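What follows is one structure encoded as structure tokens, with my remarks underneath.
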Amino acid sequence: MNREQMIAQIAHRNTPWDIVVIGGGATGMGVAVDAATRGFDVLLLEAKDFAKGTSSRSTKLVHGGVRYLEQGNVSLVMEALKERGLLRQNAPHLVRDLAFIVPNFSWWEAPFYGIGLKLYDMLAGKYGFGKSRVLSADETLERLPTLQTEGLRGGVIYYDGQFDDARLLIHLAATAADHGAALVNYMPVTSLLKDEEGYINGVVARDDESRSEHTIQARVVINATGIFTDHIRQMADPESTAMVEPSQGIHLVFEQSFLESDTAIMVPHTSDGRVMFAIPWHDHTLVGTTDTPIEEPSYEPRPFEQEIQFILDTAALYLSRPPKRSDVLSVYVGIRPLVKSGGPASKTSSLSRDHTIHVDNSGLLTITGGKWTTYRHMAEDCVDHAITLGRLREEPCVTKTLKIHGYRKHTEDLGSLWVYGSDADAIRDIAARNPELGTPLHSALPYIGGEIVWATRQEMARTVEDALARRTRALFLDARAASEMALPAARIMAEELHYGEDWIQQQAAEFRKLASQYSLR
């Protein structure tokens with residue numbers, strides 16, 4: 001993917017695009033993939049970087065959602081379980097099976113959760129990842145050696161999926177590009193175009209790098225901006241009422257030693273009514289999440305002190321080594337675009353995780369809500385609506401069996417480059433030609449200079465933040481180490497992008513400032 005080439009496609013086009021997608025997160029990118037693979041002319045515009053918002057800040061799970069089963073939302077669970085299976089089938093280089101244990105400290109928990117998880121297995125059907133079963137206390141500790149032992153009666157094991165959210169998003173972008181879509185980051189939509197009858201027929205967008213403005217015609221405009229959904233809807237109709245009720249969740253990242261296992265812990269009930277997970281992820285331990293209603297969405301939300309303490313306190317109940325603030329390597333915050341209910345809700349954890357499609361009087365098609373796991377089905381539904389709305393030719397969806405860019409069944413031999421799938425070979429070639437690019441940029445993390453080169457050349461990384469937060473996950477794993485990687489990463493990127501020393505120093509300084517927000521130290 002090359003940004004200059006994508007911009008050129010916009011500048012040289014003199015006919016309307018079939019579909020313009022606003023928003024470069026999971027939902028928008030899924031729509032771009034679906035529409036491009038049906039043969040439509042597709043342009044996706046992202047105001048910041050791809051996956052800058054919620055789509056890089058999830059709990060890293062591809063799952064059916066055990067808690068939705070308890071809420072009685074069986075249809076959502078079945079849909080998510082099916083999509084979980086399709087995602088593992090189509091992106092085996094990015095989706096992995098993960099065993100979870102629900103630890104039991106009361107006599108009733110084993111039969112209660114055991115029955116519920118058997119139902120979970122049954123609903124998965126042919127898309128199952130493994131069968132759940134009840135474990136003894138010894139079997140539980142064998143799998144989770146750092147689990148709190150006092151009062152432990154045993155556990156129930158079940159299986160779900162895990163992924164790297166931002167990496168999947170970038171591979172979806174590459175998939176869309178492979179099928180002819182144009183995608184541009186750092187190009188916010190500033191206004192919507194309307195014809196004489198008041199129907200939307202395009203957008204005006206600004207390239208934040210060149211400061212040039214582009215007037216873009218489209219048969220259908222899709223608003224897939226997640227937590228910023230209502231901002232785009234108000235461009236179409238300033239009187240529109242809000243659809244989204246934002247809620248933020250935080251995650252704390254620790255050293256691998258806090259879990260020391262390839263099995264995750266799932267706590268089905270916490271004091272705020274949410275599920276809590278402790279998960280092995282990229283050789284670290286990820287613990288979360290919270291559910292806190294907020295007034296306004298933002299690109300860099302801050303954790304509330306009570307959220308941090310809540311996770312530390314809850315984790316201390318289950319881990320034999322209670323984590324402390326000083327143990328936190330990184331804290332990241334994501335905002336969920338929850339769809340408002342018909343009446344007042346007592347708490348955001350009770351709001352729907354189903355997706356919603358809305359077409360307003362001006363013809364703006366909005367899709368919001370949902371969850372990462374169901375992105376493909378959401379996109380299919382959205383493009384079906386777009387075909388009707390834009391009077392586009394009928395074309396069938398092909399994404400149920402579409403291999404995601406980088407598809408590779410076995411990645412064990414790729415080491416830390418496994419998330420690149422078949423692209424890992426090209427990164428190894430870069431490092432082989434220049435051995436300095438083959439060594440880690442920091443001793444605490446595995447990321448090498450070759451990955452920064454690849455991110456800049458092939459994945460449209462434009463800033464140090466793009467490279468260290470989303471193309472690699474350094475910022476999310478260890479904020480201090482990532483901060484120390486900023487200057488060498490900036491030098492590598494500057495050589496690729498033909499920038500000078502001023503840009504290098506500015507980028508390093510901006511990233512260090514950002515990294516300080518992810519650190520509790």
Side-chain angles (χ1 to χ4, degrees), residues 1-3 5-46 50 83 86 90 169-185 187 189 192-195 199-205 214-226 232 236 355 357-360 362-368 370 374-405 460:
M1 297 186 294
N2 181 282
R3 190 175 188 276
Q5 292 175 4
M6 300 292 187
I7 294 283
Q9 287 189 53
I10 298 173
H12 297 151
R13 191 177 182 90
N14 52 23
T15 57
W17 297 84
D18 292 326
I19 295 174
V20 168
V21 182
I22 309 173
T27 303
M29 207 61 77
V31 170
V33 169
D34 186 290
T37 53
R38 296 196 203 200
F40 296 120
D41 293 328
V42 180
L43 170 64
L44 180 144
L45 302 172
E46 165 56 44
F50 306 132
E83 293 300 322
L86 292 177
N90 297 332
L169 193 289
I170 296 302
H171 283 249
L172 288 174
T175 305
D178 290 344
H179 288 84
L183 313 106
V184 186
N185 50 359
M187 195 164 185
V189 169
L192 301 174
L193 301 174
K194 294 184 180 180
D195 62 18
Y199 291 106
I200 290 172
N201 64 354
V203 304
V204 177
H214 298 266
T215 299
I216 300 164
Q217 302 288 332
R219 293 183 173 86
V220 182
V221 175
I222 295 175
N223 173 18
T225 52
I232 300 297
H355 73 273
I357 292 178
H358 178 270
V359 180
D360 71 11
S362 64
L364 177 67
L365 195 163
T366 293
I367 178 168
T368 193
T374 59
Y375 87 91
R376 190 212 63 82
H377 175 70
M378 292 167 61
E380 179 181 1
D381 194 9
C382 183
V383 175
D384 286 345
H385 279 75
I387 288 172
T388 302
L389 180 65
R391 298 174 181 172
L392 304 175
R393 65 188 183 276
E394 292 286 343
E395 296 287 352
C397 174
V398 301
T399 57
K400 285 183 180 178
T401 56
L402 179 72
K403 293 179 179 178
I404 302 302
H405 178 92
M460 294 174 69

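Atoms considered below: every heavy atom in the structure, side chains included; atoms not considered: hydrogens, waters and symmetry mates. Just so it is clear, the structure is predicted and the values come from calculations on it, not from any experiment.
- Nearest approach of R393 to G39, heavy atoms of both residues: NH2-O, 2.6 Å.
- Exactly one residue among I387, L43, L392 makes a side chain to side chain contact (heavy atoms under 4.5 Å, CB included) with I19. That residue is L392.
- For the pair V203/V221, a side-chain contact is recorded, criterion being any heavy-atom separation below 4.5 Å from C-beta on.
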Item to check | Evaluation steps, side chain to side chain contact (heavy atoms under 4.5 Å, CB included), between T368 and T27 | outcome: CA-CA 8 Å; T368 193; T27 303; over 6 Å; no
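- Between the side chain of D18 and the main chain of A218, no donor-acceptor pair closer than 3.5 Å is present.
- Atom OG1 of T225 is separated from atom CG of L45 by 12.0 Å, given to the nearest 0.5 angstrom.
- Of the inter-residue distances, the one linking I367 atom CD1 with N223 atom CG reads 10.0 Å to the nearest 0.5 angstrom.
- Put simply, CD1 on I200 and CG on L193 are 9.0 Å apart, with the number rounded to the nearest 0.5 Å.
- Nearest heavy atom pair, residue A177 against residue M6, reads CB-CE, 4.0 Å.
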Checklist entry - How far apart are the C-alpha atoms of V359 and L364, what are their side-chain angles, what is the distance that settles it, and do they pass the side chain to side chain contact (heavy atoms under 4.5 Å, CB included) test? => result CA-CA 6 Å; V359 180; L364 177 67; over 6 Å; no
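- The two residues G390 and V220 make their nearest non-hydrogen contact at CA-CG2, 3.3 Å.
- With hydrogens and angles disregarded, no donor-acceptor distance shorter than 3.5 Å links the side chain of E83 to the backbone of T374.
- R391 is linked by a salt bridge (Lys or Arg N to Asp or Glu O under 4.0 Å) to nothing, counting only residues two or more places apart in sequence or in another chain.
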Item to check | Criterion side chain to side chain contact (heavy atoms under 4.5 Å, CB included) on L44 and F50, from CA distance to verdict | outcome: CA-CA 10 Å; L44 180 144; F50 306 132; 4.0 Å; yes
Next on the checklist: Go through it in stages, so that I can follow the logic: the residues are M187 and H214, the test is side chain to side chain contact (heavy atoms under 4.5 Å, CB included), and I'd like the CA-CA distance, side-chain angles, deciding distance and then a yes or no.
Outcome noted: CA-CA 10 Å; M187 195 164 185; H214 298 266; 3.1 Å; yes
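- Closest non-hydrogen pair, T399 versus N90, comes out as O-ND2, 3.5 Å.
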Checklist entry - When you look at R38 and D384, which way does the salt bridge (charged side-chain N to carboxylate O under 4.0 Å, His left out) test go after all the steps? => result CA-CA 11 Å; R38 296 196 203 200; D384 286 345; 2.9 Å; yes
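- For K403 against T175, the heavy-atom pair with the smallest separation is O-CG2, 4.4 Å.
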In residues 7-15, what donor-acceptor pairs under 3.5 Å come from side-chain atoms, sequence neighbours left out?
unit_1 : atom_1 : unit_2 : atom_2 : d
H12    : ND1    : A8     : O      : 3.3
R13    : NE     : T15    : O      : 2.9
R13    : NH2    : P16    : O      : 3.3
R13    : NH2    : D41    : OD2    : 3.0

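- A distance of 10.0 Å separates NE2 of H377 from SG of C397, quoted to the nearest 0.5 Å.
- Side-chain contact check for V204 versus I216: every heavy-atom pair is 4.5 Å or farther apart.
- In this structure, CZ in R219 is found 10.5 Å from CZ in F40, a value given to the nearest 0.5 Å.
- N185 contributes a side-chain N or O that, together with a main-chain N or O of M460, makes up a donor-acceptor pair within less than 3.5 Å.
- Side-chain N or O atoms of K194 include none that pairs as donor or acceptor with a backbone N or O of G202 at under 3.5 Å.
- Under the salt bridge (Lys or Arg N to Asp or Glu O under 4.0 Å) criterion, D381 pairs with no residue at all, not counting sequence neighbours.
- Smallest separation of non-hydrogen atoms from V31 and A379: N-CB, 3.5 Å.
- You'll find the side chain of M29 stays beyond 4.5 Å of the side chain of E46, heavy atoms only.
- Note: L192 CG to N201 CG = 10.0 Å, rounded to the nearest 0.5 Å.
- The shortest side-chain heavy-atom distance between D34 and C382 does not fall under the 4.5 Å cut-off.
- Side chain of H171 to backbone of H405: a donor-acceptor contact under 3.5 angstrom is found.
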